[in-house]
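Below: one structure, written as structure tokens.
Predicted model, so just to flag it, every value in this text is computed and none were measured. Just follow the structure's listing: the first ligand is 1, and inside any ligand the first atom is 1.
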Amino acid sequence: MSALAARETIDFLVLGGGVAGLSFALEAAGRGSVLVLTKRVRSEGSTQYAQGGIASVLGPDDDFQKHVDDTLVAGAGLCHRDAVEVTVREGPERIRWLLSLGVEFDRQGGELHLTREGGHSRRRVAHAKDTTGREVERALLAACDARGVRILEDQVAVDLVSSAKAGLPGPNRILGAYVLDRASGEISTVLAGQTVLATGGAGKVYLYTSNPDVATGDGVAMAWRAGAAVANMEFFQFHPTCLFHPLAKSFLISEALRGEGGILRNRAGEAFMSRYDPRKELAPRDIVARSIDAEMKRRGDESAFLDMTHLPKPFLLEHFPNIYATCREYGVDMAVQPIPVVPAAHYLCGGVVTDLDGQTSVPGLVAIGEVSCTGLHGANRLASNSLLEGLVFGHRAALRAAPAPRGAEAARVPDWNPGNALDPDEGVVVAQNWEEVRRLMWNYVGIVRTGKRLTRAHTRLELLRREIREYYWQYKVTPDLVELRNLADVAMLIVECARRRKESRGLHYTLDYPKPDDREPHDTVIAPGELA
Ligand code: FAD
Ligand code: SIN
């Protein structure tokens, strides 16, 4: 497919090719010209690695109210009921849509086979073995190809084009994005009637994460810099069980294993969850992750263990072939021995604030999928609700999409100005700062927080961000530098939100205020222009 021209104009510019971006693109394709850009190869993103599946009301013993209630309980008082209702009610139709695109979910006797995960009162997770995301991404990309949706790989959005920054009169609005071509190093100006952020999460802001390398929070950082409201960044979800092995980078051990009766044990072999929560292994994720963390710290163990040996090997091979094979590669046979596991950063519940159609606080800018904060997840996401959110909000945002008239203002948008930027000659600065941001976030802003640690993180980040800013404007922009700048901005937004929340709720747990303050449950909103 042809590369980007130095200057392009399009109706709908979609940044991101995961479940959210591709759902939007497929629906919007009939309404105007669509361009999807992805930072690396087009399938690379969290969607591709999703294991457990997609939660929706599909079983005979289930109903909308139960899914709504489970989501609200997990969300610890901060879910927006309207967002939850919309997502739950539109879920089954989105699953049927995926089926119509050829997604091969597992079946049992002709019906969809449903798994169960923590926080769900029913079996309601549709899945394709333990590689659901790979199957969904395959089908969405195939549908895009069949409809001729233009997708370009290795294109890194550097910043949004905002009318305010471009010096145009009138209220601030988003007019497109500046995009760096990984191969040529050139930066194009892509002008769009509507710019859609579908850039996914930010797990790479922490040292240990289940997320792929592209999850560097670019969308949140770009939207915040362009003047969009951002909220609830303190609610970073840690998945309780990632494989603990020095060579295993980011490999998730799905919650569906606990749904099939997996037991968490400490190194002494004791099942410890009943000491922390009556729901034991199926308590919501924040509780399970904190319990593992506490148990490891209490005993000085470097990991916990997930015991699946109660299930016969043929069952494990049938339902979890990818997890079985990957554990085997690292010398663990889950049919006969417990799997060593640790919690790791997994999902960003906060993000760019949107309404029920994905519209942000800045005209011309839409946010969908993990980059957004729709109100669905509140203080803690219910397992397998995020692919669902990407499907529902990708679709809803596209239904509302209409090509905007292209005024003469587009011609007045300046191209990217590299100034006197030199070729970077100090890669070590980027590597050092990248490592420092991720380590300080892990140590100071992790599963259990304190005000003192947050202040330390804040002070360090101020210095790092200043250094990164200076470096950024002195040297030519590279993908690594773009990501580092975004990670540092996202880290700052997480710390800022965490410092503002004077209570423990959902995923935000601080020893200074160990209980929720139920007088006034509220979102933590960073309004445009509030922080430098
Ligand atoms: P992604 O799928 O992450 O896609 C992001 C896209 O944005 C990519 O194409 C990337 O290249 C692009 N991008 C990013 N930055 C830029 C930039 N600057 N310029 C251009 N493009 C950019 N959720 C569930 O509901 N069920 C599950 O079973 C489940 N399992 C999971 C397992 C793992 C290991 C992980 C990591 C997550 C899992 N999740 C699961 C969460 C879920 O997968 C994600 O929340 C969801 O896939 C996010 O989709 P998305 O479309 O928002 O973003
Ligand atoms: C998992 O399979 O445990 C991941 C599910 C999710 O993140 O929603």
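Here is the list of ligand 1 atoms found below 4.0 Å of a heavy atom in G52: 28 (O). Interface atoms of ligand 1 facing Y347, defined by a heavy-atom separation under 4.0 Å, are 45 (O). In summary, the atoms of ligand 1 found under 4.0 Å from a heavy atom of V156, numbered by their order in the structure, are 19 (N). For ligand 1 and Y49, the ligand atoms under 4.0 Å from any heavy atom of the residue are 32 (C), 33 (C), 34 (C). Of all the atoms in ligand 1, the ones that sit under 4.0 Å from a non-hydrogen atom of G45 are 2 (O), 3 (O). Which parts of ligand 1 touch G369 is read off a 4.0 Å heavy-atom cut-off, strictly below it: atoms 52 (O). Residue-ligand proximity, G17 to ligand 1, at heavy-atom distances under 4.0 Å covers atoms 6 (C), 8 (C), 9 (O). The ligand atoms of ligand 1 that sit less than 4.0 angstrom from a heavy atom of E44 are 8 (C), 9 (O), 10 (C), 11 (O).
At least one donor-acceptor pair closer than 3.5 Å links the side chain of E255 to the backbone N or O of G118. Between the side chain of E44 and the main chain of V41, no donor-acceptor pair closer than 3.5 Å is present. A donor-acceptor pair under 3.5 Å links the side-chain atoms of T47 to the main chain of V19, judged by distance alone. In terms of modelled atom types and a separation under 3.5 Å, the side chain of Q155 and the main chain of E153 share a donor-acceptor contact. In terms of modelled atom types and a separation under 3.5 Å, the side chain of T199 and the main chain of L15 share no donor-acceptor contact.
Residue contacts with ligand 1: E153 is excluded, as none of its non-hydrogen atoms falls under 4.0 Å.
Among all protein heavy atoms, the one lying closest to atom 51 (O) of ligand 1 is A20 N, 3.0 Å. In terms of protein heavy atoms, atom 40 (C) of ligand 1 is closest to S386 OG, 3.8 Å. The single protein non-hydrogen atom nearest to atom 47 (O) of ligand 1 is T47 OG1, 2.8 Å, given as residue, atom name and distance. What sits closest to atom 25 (O) of ligand 1 on the protein, heavy atoms only, is L387 N, 2.9 Å. Nearest protein heavy-atom neighbour of atom 3 (O) of ligand 1: S46 N, 2.9 Å. Looking from atom 27 (C) of ligand 1 to the surrounding protein, the closest heavy atom is G53 O, 3.5 Å. What sits closest to atom 22 (C) of ligand 1 on the protein, heavy atoms only, is K39 CB, 3.7 Å. Atom 18 (N) of ligand 1 has its closest protein heavy atom at D218 OD2, 2.7 Å.
Of all the heavy atoms of E389, none lies under 4.0 Å from any atom of ligand 1, so neither backbone nor side chain is involved. Under 4.0 angstrom from ligand 1, the non-hydrogen atoms of A198 all belong to its backbone.
If you check the side chains of E370 and S46, you find no donor sitting under 3.5 Å from an acceptor. Looking only at atom types and distance, the side chain of N380 has a donor-acceptor partner in the side chain of Q237 under 3.5 Å away. R381 and S386 form a side-chain donor-acceptor contact under 3.5 Å, judged by distance and modelled atom types alone. In the model, H377 has a side-chain atom that pairs as donor or acceptor with a side-chain atom of E389 under 3.5 Å. With no hydrogens or angles considered, a side-chain donor-acceptor pair links N385 and H67 at under 3.5 Å. When only modelled atom types and interatomic distance are considered, H346 and S210 share a side-chain donor-acceptor pair under 3.5 Å. Counting only N and O atoms by type, the side chains of S121 and D70 include a donor and acceptor under 3.5 Å apart. A donor and an acceptor atom, one from each side chain of N433 and R485, are nowhere located under 3.5 Å apart.
Each of R122, R116, R123, R124 was checked for a side-chain hydrogen bond (donor to acceptor under 3.5 Å, both in side chains) with H120, and the lone residue meeting it is R124. The salt bridge (Lys or Arg N to Asp or Glu O under 4.0 Å) test with D154 is passed by exactly one of R40, K39, R182: R182.
When only interatomic distances are considered, the shortest N/O to N/O separation between A157 and ligand 1 falls below 3.5 Å. Considering backbone and side-chain atoms together, G201 places no N or O closer than 3.5 Å to any N or O of ligand 1. Taking any N or O of V19, backbone or side chain, at least one lies under 3.5 Å from an N or O belonging to ligand 1. Annotation: Q51 places an N or O atom under 3.5 Å from an N or O atom of ligand 1; distance criterion only.
Between atom 45 (O) of ligand 1 and the options H346, E370, H127, the minimum heavy-atom separation is to E370.
Ring geometry for H113 against H127 counts as perpendicular: the plane angle is over 60°, on a 0 to 90° scale with 30° as the lower cut.
Ring to ring, F251 and H245 are not that close: their centroids are 6.0 angstrom or more apart.
For E104, the CD atom is loosely surrounded, since the number of other residues' heavy atoms within 6.0 Å does not exceed 12.
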Contacts table for ligand 2: protein N or O within a distance under 3.5 Å of ligand N or O, distances only.
residue: ligand 2; atom: 2 (O); partner: G52; partner atom: N; Å: 2.9
residue: ligand 2; atom: 2 (O); partner: S254; partner atom: OG; Å: 2.6
residue: ligand 2; atom: 3 (O); partner: H239; partner atom: NE2; Å: 2.8
residue: ligand 2; atom: 3 (O); partner: E255; partner atom: N; Å: 2.6
residue: ligand 2; atom: 7 (O); partner: R285; partner atom: NH1; Å: 3.0
residue: ligand 2; atom: 7 (O); partner: R285; partner atom: NH2; Å: 3.3
residue: ligand 2; atom: 7 (O); partner: H346; partner atom: NE2; Å: 2.7
residue: ligand 2; atom: 7 (O); partner: R381; partner atom: NH2; Å: 2.7
residue: ligand 2; atom: 8 (O); partner: R381; partner atom: NH1; Å: 2.8
residue: ligand 2; atom: 8 (O); partner: R381; partner atom: NH2; Å: 3.3
residue: ligand 2; atom: 8 (O); partner: S384; partner atom: N; Å: 2.6

